[in-house]
Amino acid sequence: MIKATTADAYRLVHNGILALARAEREGIRIDVEYCERKRKQLTRRIDWLEKKLEETKLYKRWRHIYGKRMSIGSNQQLAHMLYKVMKIEPAKFTDKGEPSTDEDALSRLNVEGIEYILRLRKYTKIRNTYLEGFIRESTDGYIHPFYNLHNVRTYRSSSEAPNFQNIPKRDKEAMKICRRAIIPRTGHALIEADFSALEVNISECYHQDPVMMDYLLDKNSDMHLDMAKQIFMFDSMDKKIPAHAVMRQAAKNGFVFPQFYGDYYGNNASGLCDWVKLPLSGKWADDMGLELPDGTHIGAHMRQQGIKSFDDFLAHMKRVEDDFWGNRFKVYNEWKQKWVAQYRKQGYLQMHTGFICSGMMRKNEIVNYPIQGSAFHCLLFTFIELDRIAREEQWKSKIIGQIHDSILIDAHPDEFERIKAALHHIVKELLPNAWKWIIVPLEIETEVYGVDKPWVQVS
DNA sequence: GGAACTCGCCAC
DNA sequence: AAACGTGGCGAGTTCC
């Protein structure tokens with residue numbers, strides 16, 4: 001396997017900066033009038049929520065104690081009210097050891113007014129960070145986010161002014177409000193090209209685990225469904241059944257991905273229980289948790305399997321984790337050990353893309369950096385080549401942005417098919433030819449938004 | 001009055 | 001023994 005050198009890494013950064021700078025100069029079109037309109041609308045909603053909050057006992061006591069110094073946005077004051085004045089036991093603590101007031105902590109409390117505070121946070125975030133950011137940073141209807149290649153320890157990119165890499169997507173309401181502001185040039189459509197499961201595929205290029213390789217090559221296999229079966233103890237599952245789909249999501253986002261980042265079963269067990277609505281303490285009962293297709297509940301099923309409490313589940317998840325790394329992905333695990341030992345011996349690590357990370361690192365950082373970095377470098381390579389082809393062929397379409405494993409294009413309809421073909425050529429020919437260490441087939445998928453339509457997913 | 005910090009929260 | 005990787009940004013707060 002031929003790996004890249006630091007000189008190769010330098011060239012990638014050099015060409016990357018030039019290509020990204022061209023995207024920055026093109027800019028992303030913003031519907032500024034919409035932003036202004038929506039900002040006013042959100043302000044009215046925020047004012048209404050504040051009025052509702054003012055009617056609550058929590059607010060009145062808060063006002064009584066703090067007077068003019070009271071600020072609804074002060075979490076320090078809120079923590080004092082909840083955990084000192086009202087003497088509530090904090091559900092969790094911050095990194096600095098203070099009682100937490102994050103969404104998770106607050107939503108466990110049964111205090112009138114908390115719901116208003118959470119909604120106020122959500123809408124002020126949308127208004128102040130995103131809509132006002134777009135308005136502030138736009139000139140003549142375009143924003144020009146910066147893409148940096150010098151800020152991130154893994155040699156990923158970052159984005160600023162405004163950050164174009166954290167626009168809401170998961171929360172559908174926030175997604176619609178914010179992405180409605182991002183529009184294509186007149187007569188164009190936005191195209192988003194995403195690598196599928198890029199980091200998992202790149203991890204394979206390091207550890208070469210045969211079981212993982214089978215999962216990546218066999219389109220009919222489903223790692224997350226297999227883990228759901230093991231975690232929730234079912235012989236078979238079908239992801240088309242809604243309850244099974246929930247458990248698959250839980251396995252994916254509550255176990256598999258966190259484990260790949262270096263999490264452990266203790267955290268996973270709590271997260272998984274939240275997903276399927278099982279309590280984190282005490283005995284479980286037959287009527288608890290997610291409802292199954294036959295009308296029974298997951299609580300009854302787990303009890304039948306001998307998991308009768310959270311403590312039982314915790315012990316079960318320890319066994320699942322041991323099996324995950326000790327049997328299923330044994331070779332991946334052995335690579336992690338070797339990779340850490342090598343770093344500790346030579347004092348640095350070098351990615352397959354040539355980039356070197358040095359300095360003191362923890363175990364999780366040592367094994368995550370090369371995967372995160374190299375995955376982004378595949379995107380950057382693709383971005384550079386797409387930009388080169390677009391200039392050579394004088395496309396009307398503009399490459400306008402990048403979000404770690406995806407590229408955003410402001411595309412002319414005449415060029416849709418050419419763009420897809422060019423992307424396919426880069427990912428299937430140029431990339432694997434340039435980097436022989438890529439031992440898995442990478443896939444890039446394109447989503448075309450409507451002509452003259454914003455960046456809003458319809459599903 | 002501004003720099004630096006904490007917290008919370010958005011993305012991959 | 002340790003125990004989720006990488007960022008940017010707004011608001012509040014603290015320090016100089």
Side-chain angles (χ1 to χ4, degrees), chain A residues 66 69-80 92-106 117-118 120-134 136-137 145-171 174-175 177-179 192 194-200 202-203 253-271 317-318 321 325 336 340 357 361-376 379 401-408:
Chain A
Y66 281 92
R69 285 165 35 245
M70 179 192 180
S71 170
I72 294 176
S74 169
N75 290 328
Q76 197 179 55
Q77 293 179 11
L78 176 60
H80 182 258
K92 57 192 276 199
F93 294 86
T94 69
D95 288 345
K96 297 290 168 192
E98 300 298 325
S100 170
T101 58
D102 70 10
E103 183 179 5
D104 182 44
L106 294 187
I117 290 172
L118 291 176
L120 279 164
R121 278 187 189 169
K122 172 176 163 171
Y123 294 116
T124 53
K125 170 117 182 156
I126 294 171
R127 183 190 62 178
N128 299 2
T129 302
Y130 298 105
L131 297 180
E132 290 185 351
F134 295 155
R136 185 181 62 245
E137 300 294 343
F146 292 102
Y147 298 99
N148 306 301
L149 295 181
H150 64 282
N151 283 342
V152 182
R153 291 145 69 106
T154 62
Y155 301 96
R156 240 198 196 182
S157 66
S158 69
S159 169
E160 60 182 329
N163 182 352
F164 195 65
Q165 295 178 323
N166 72 345
I167 297 170
K169 184 171 191 175
R170 206 190 92 259
D171 181 308
M175 182 272 284
I177 295 171
C178 296
R179 296 189 179 217
E192 198 176 356
D194 291 63
F195 277 97
S196 356
L198 184 58
E199 282 197 20
V200 178
I202 294 308
S203 81
N253 297 320
F255 182 77
V256 177
F257 284 159
Q259 283 285 334
F260 286 161
Y261 283 137
D263 202 2
Y264 87 120
Y265 70 92
N267 287 336
N268 300 153
S270 317
M317 287 312 299
K318 166 99 173 77
E321 183 188 86
W325 292 113
K336 287 209 255 183
V340 169
C357 294
M361 291 178 238
R362 288 168 293 239
K363 186 183 165 202
N364 284 345
E365 294 172 327
I366 299 163
V367 296
N368 281 326
Y369 283 11
I371 297 167
Q372 184 182 106
S374 309
F376 170 69
L379 185 281
Q402 163 269 125
I403 313 176
H404 307 304
D405 67 353
S406 71
I407 297 173
L408 191 65

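Letters A, B, ... mirror the listed sequences (proteins, then strands); counts begin at 1. Computed from a prediction, not measured in an experiment: that's the story for all the values here.
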| remark: Nt span of DNA chain C in reach of chain A heavy atoms at under 4.0 Å, 5' end first, is C:dA3 to C:dT14
| remark: Within residues 362-371 of chain A, those residues having any heavy atom closer than 4.0 Å to DNA chain B are none
| said: Strictly by salt bridge (charged side-chain N to carboxylate O under 4.0 Å, His left out), give each pair with a member in residues 258-267 of chain A just once, sequence neighbours left out. | reply: none
| Quick one: side-chain contact (heavy atoms from CB on, under 4.5 Å) partners of A:Asn364, sequence neighbours excluded? | A:Asn368
| field | Test side-chain hydrogen bond (donor to acceptor under 3.5 Å, both in side chains) applied to A:Ser157 - qualifying residues, sequence neighbours left out | value | A:Gln165, A:Gln402
| field | Partner residues of A:Arg179 under the side-chain hydrogen bond (donor to acceptor under 3.5 Å, both in side chains) criterion, sequence neighbours left out | value | none
| Covered region of DNA chain B, 5' end to 3' end, by chain A [heavy atoms, under 4.0 Å] | B:dT6 to B:dC12
| field | Those residues of residues 254-268 of chain A lying under 4.0 Å from DNA chain B by at least one heavy atom | value | none
| message | Using the side-chain contact (heavy atoms from CB on, under 4.5 Å) criterion, which residues pair with A:Lys318? Sequence neighbours excluded. | response | A:Tyr265, A:Asp322
| remark: Residue pairs passing the salt bridge (charged side-chain N to carboxylate O under 4.0 Å, His left out) test with at least one member in residues 146-169 of chain A, sequence neighbours excluded, are A:Arg153-A:Glu365, A:Arg156-A:Glu199
| said: Counting the atoms with a prime plus P, OP1 and OP2 as sugar-phosphate, which does A:Thr124 contact under 4.0 Å by heavy atoms, base, sugar-phosphate, or nothing? | reply: nothing
| note | Applying side-chain contact (heavy atoms from CB on, under 4.5 Å) to A:Ala174 and not counting sequence neighbours gives A:Ile126, A:Pro168, A:Asp171
| message | Using a 4.0 Å heavy-atom cut-off, does A:Ser157 contact any base of the nucleic acid, only the sugar-phosphate backbone, or nothing at all? | response | nothing
| A:Gln259: partners by side-chain contact (heavy atoms from CB on, under 4.5 Å), with sequence neighbours left out | A:Phe255, A:Asn268, A:Glu321, A:Phe324, A:Trp325
